[in-house]
Protein chains: 2
Amino acid sequence: MAKFMDVHHGMKGITAEQLREAHDADLAIQGEESVTFEQAWADPESGLVYCLSDAPSAEAVQRIHERAGHPADEIHPVPLVV
Amino acid sequence: MAKFMDVHHGMKGITAEQLREAHDADLAIQGEESVTFEQAWADPESGLVYCLSDAPSAEAVQRIHERAGHPADEIHPVPLVV
(Lines give C-alpha, C1' and ligand atoms only; values in the text may rest on other atoms or scores of the structure.)
Protein backbone atom coordinates (compact mmCIF):
# COMPACT_ATOMS: atom_id res chain seq x y z
CA MET A 1 0.00 0.00 0.00
CA ALA A 2 1.14 3.53 -0.72
CA LYS A 3 -0.11 7.07 -0.31
CA PHE A 4 -1.35 9.02 -3.31
CA MET A 5 -2.36 12.64 -3.82
CA ASP A 6 -4.63 13.07 -6.80
CA VAL A 7 -5.80 16.31 -8.32
CA HIS A 8 -8.98 17.17 -10.19
CA HIS A 9 -9.09 20.30 -12.36
CA GLY A 10 -12.08 22.20 -13.64
CA MET A 11 -14.29 21.88 -10.56
CA LYS A 12 -15.00 25.62 -10.37
CA GLY A 13 -17.98 26.42 -8.20
CA ILE A 14 -18.03 23.03 -6.47
CA THR A 15 -20.17 23.14 -3.33
CA ALA A 16 -19.67 21.41 0.01
CA GLU A 17 -22.58 19.12 -0.87
CA GLN A 18 -21.13 18.19 -4.26
CA LEU A 19 -17.75 17.44 -2.68
CA ARG A 20 -19.43 15.27 -0.07
CA GLU A 21 -21.45 13.42 -2.74
CA ALA A 22 -18.36 12.84 -4.90
CA HIS A 23 -16.39 11.60 -1.89
CA ASP A 24 -19.26 9.33 -0.81
CA ALA A 25 -19.40 7.86 -4.34
CA ASP A 26 -15.72 6.95 -4.00
CA LEU A 27 -16.17 5.52 -0.50
CA ALA A 28 -19.06 3.35 -1.64
CA ILE A 29 -16.88 1.33 -4.05
CA GLN A 30 -13.30 1.91 -2.88
CA GLY A 31 -13.11 -1.48 -1.15
CA GLU A 32 -13.39 -3.26 -4.50
CA GLU A 33 -9.90 -1.96 -5.36
CA SER A 34 -8.52 -1.95 -1.78
CA VAL A 35 -8.34 1.86 -1.90
CA THR A 36 -8.98 4.06 1.15
CA PHE A 37 -9.78 7.68 0.39
CA GLU A 38 -8.70 9.54 3.49
CA GLN A 39 -9.52 13.16 2.85
CA ALA A 40 -10.33 15.66 0.11
CA TRP A 41 -9.92 19.42 -0.11
CA ALA A 42 -11.54 21.73 -2.66
CA ASP A 43 -11.01 25.26 -3.88
CA PRO A 44 -14.22 26.31 -5.64
CA GLU A 45 -12.51 29.41 -7.01
CA SER A 46 -9.67 27.71 -8.91
CA GLY A 47 -11.66 24.53 -9.42
CA LEU A 48 -8.95 22.34 -7.89
CA VAL A 49 -9.76 19.32 -5.75
CA TYR A 50 -7.05 17.34 -3.92
CA CYS A 51 -7.68 13.79 -2.68
CA LEU A 52 -5.41 11.84 -0.38
CA SER A 53 -5.64 8.07 -0.50
CA ASP A 54 -3.98 4.88 0.56
CA ALA A 55 -3.99 2.42 -2.31
CA PRO A 56 -2.19 -0.45 -4.00
CA SER A 57 -1.49 1.67 -7.13
CA ALA A 58 -2.33 4.90 -8.95
CA GLU A 59 -4.33 2.81 -11.41
CA ALA A 60 -6.54 1.49 -8.58
CA VAL A 61 -7.19 5.08 -7.44
CA GLN A 62 -8.11 6.08 -10.96
CA ARG A 63 -10.42 3.10 -11.51
CA ILE A 64 -12.46 4.10 -8.45
CA HIS A 65 -12.55 7.78 -9.44
CA GLU A 66 -13.58 6.87 -13.00
CA ARG A 67 -16.34 4.54 -11.89
CA ALA A 68 -17.57 7.21 -9.45
CA GLY A 69 -17.79 9.64 -12.38
CA HIS A 70 -14.84 11.95 -11.70
CA PRO A 71 -11.53 10.73 -13.14
CA ALA A 72 -8.46 12.48 -11.71
CA ASP A 73 -6.32 14.73 -13.91
CA GLU A 74 -3.15 13.93 -11.96
CA ILE A 75 -2.25 11.15 -9.55
CA HIS A 76 1.04 11.37 -7.67
CA PRO A 77 2.51 8.84 -5.29
CA VAL A 78 3.56 10.69 -2.12
CA PRO A 79 5.87 8.26 -0.34
CA LEU A 80 7.22 11.00 1.93
CA VAL A 81 4.94 12.43 4.62
CA VAL A 82 5.64 14.71 7.56
CA MET B 1 -8.45 31.21 9.93
CA ALA B 2 -8.69 29.18 6.77
CA LYS B 3 -7.19 26.06 5.27
CA PHE B 4 -4.64 26.29 2.47
CA MET B 5 -3.00 23.72 0.22
CA ASP B 6 0.25 24.96 -1.20
CA VAL B 7 2.36 23.29 -3.83
CA HIS B 8 6.11 23.37 -4.43
CA HIS B 9 7.47 22.35 -7.84
CA GLY B 10 10.97 21.30 -8.78
CA MET B 11 11.76 19.27 -5.66
CA LYS B 12 12.88 16.20 -7.63
CA GLY B 13 14.91 13.78 -5.56
CA ILE B 14 13.80 15.25 -2.22
CA THR B 15 14.59 12.85 0.63
CA ALA B 16 12.63 12.14 3.80
CA GLU B 17 15.29 14.00 5.76
CA GLN B 18 15.11 17.08 3.51
CA LEU B 19 11.31 17.13 3.77
CA ARG B 20 11.56 16.89 7.55
CA GLU B 21 14.14 19.70 7.68
CA ALA B 22 12.05 21.95 5.43
CA HIS B 23 8.94 21.27 7.50
CA ASP B 24 10.82 21.90 10.75
CA ALA B 25 12.08 25.23 9.36
CA ASP B 26 8.45 26.23 8.77
CA LEU B 27 7.34 25.04 12.20
CA ALA B 28 10.10 27.00 13.92
CA ILE B 29 8.72 30.35 12.75
CA GLN B 30 5.08 29.69 11.81
CA GLY B 31 3.78 31.19 15.05
CA GLU B 32 5.03 34.62 14.03
CA GLU B 33 2.37 34.69 11.30
CA SER B 34 -0.24 32.61 13.19
CA VAL B 35 0.18 29.83 10.64
CA THR B 36 -0.06 26.13 11.53
CA PHE B 37 1.47 23.75 9.02
CA GLU B 38 -0.43 20.52 9.52
CA GLN B 39 1.08 18.06 7.10
CA ALA B 40 3.22 17.78 4.00
CA TRP B 41 3.46 15.12 1.30
CA ALA B 42 6.23 14.76 -1.27
CA ASP B 43 6.71 12.93 -4.53
CA PRO B 44 10.47 12.79 -5.17
CA GLU B 45 9.87 11.55 -8.72
CA SER B 46 7.74 14.45 -10.00
CA GLY B 47 9.32 16.91 -7.57
CA LEU B 48 5.94 17.99 -6.17
CA VAL B 49 5.44 18.81 -2.49
CA TYR B 50 1.99 19.54 -1.05
CA CYS B 51 1.59 21.36 2.28
CA LEU B 52 -1.64 21.70 4.21
CA SER B 53 -1.93 24.61 6.60
CA ASP B 54 -4.31 26.59 8.72
CA ALA B 55 -3.57 30.28 8.36
CA PRO B 56 -5.00 33.80 8.34
CA SER B 57 -4.14 34.26 4.64
CA ALA B 58 -2.21 32.85 1.67
CA GLU B 59 0.25 35.72 2.11
CA ALA B 60 1.00 34.61 5.67
CA VAL B 61 1.68 31.07 4.43
CA GLN B 62 4.01 32.41 1.76
CA ARG B 63 5.89 34.69 4.16
CA ILE B 64 6.75 31.69 6.35
CA HIS B 65 7.73 29.51 3.39
CA GLU B 66 9.88 32.32 1.96
CA ARG B 67 11.67 32.98 5.22
CA ALA B 68 12.22 29.22 5.63
CA GLY B 69 13.90 29.21 2.21
CA HIS B 70 11.29 27.45 0.08
CA PRO B 71 8.61 29.77 -1.38
CA ALA B 72 5.52 27.97 -2.68
CA ASP B 73 4.73 27.96 -6.40
CA GLU B 74 0.98 27.79 -5.78
CA ILE B 75 -1.16 28.50 -2.72
CA HIS B 76 -4.84 27.61 -2.85
CA PRO B 77 -7.46 28.24 -0.20
CA VAL B 78 -9.35 24.97 0.37
CA PRO B 79 -12.49 26.02 2.22
CA LEU B 80 -14.18 22.67 1.52
CA VAL B 81 -12.91 19.57 3.28
CA VAL B 82 -14.34 16.07 3.56
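Note: hydrogens, waters and symmetry copies are ignored here, and every other heavy atom, side chains too, is used. Residue numbers begin at 1 in each chain, while the letters A, B, ... track the order of the sequences.
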In terms of heavy-atom pairs under 4.5 Å, which option from A:Ala22, A:Cys51, A:Pro44 contacts chain B the most?
A:Pro44
Scored by heavy-atom pairs under 4.5 Å with chain A, the best of B:His23, B:Glu38, B:Met5, B:Arg20 is B:Met5
In this structure, would B:Val81 and B:Val35 fall into the same cluster of hydrophobic residues linked by side-chain contacts under 4.5 Å?
no
Counting neighbours of CD on B:Glu45 that are heavy atoms of other residues, nucleotides or ligands and sit closer than 6.0 Å, is the number greater than 12?
no
Using side-chain heavy atoms (C-beta onward) and a distance below 4.5 Å, is A:Asp26 in contact with A:His70?
yes
Indicate whether any N or O donor in one side chain lies under 3.5 Å from an N or O acceptor in the other, for A:His9 and A:Glu74.
yes
Whether B:His8 and B:His65 hold their rings parallel, tilted or perpendicular, with breakpoints at 30° and 60°:
perpendicular
Engaged part of B:Leu52 at the chain A interface, taking heavy atoms whose separation is under 4.5 Å
side chain
Quick one: what part of A:Gln18 sits under 4.5 Å from any heavy atom of chain B, side chain, backbone, both or neither?
neither
Considering only heavy atoms, which portion of B:Glu17 lies under 4.5 Å from any heavy atom of chain A: side chain, backbone, both, or neither?
neither
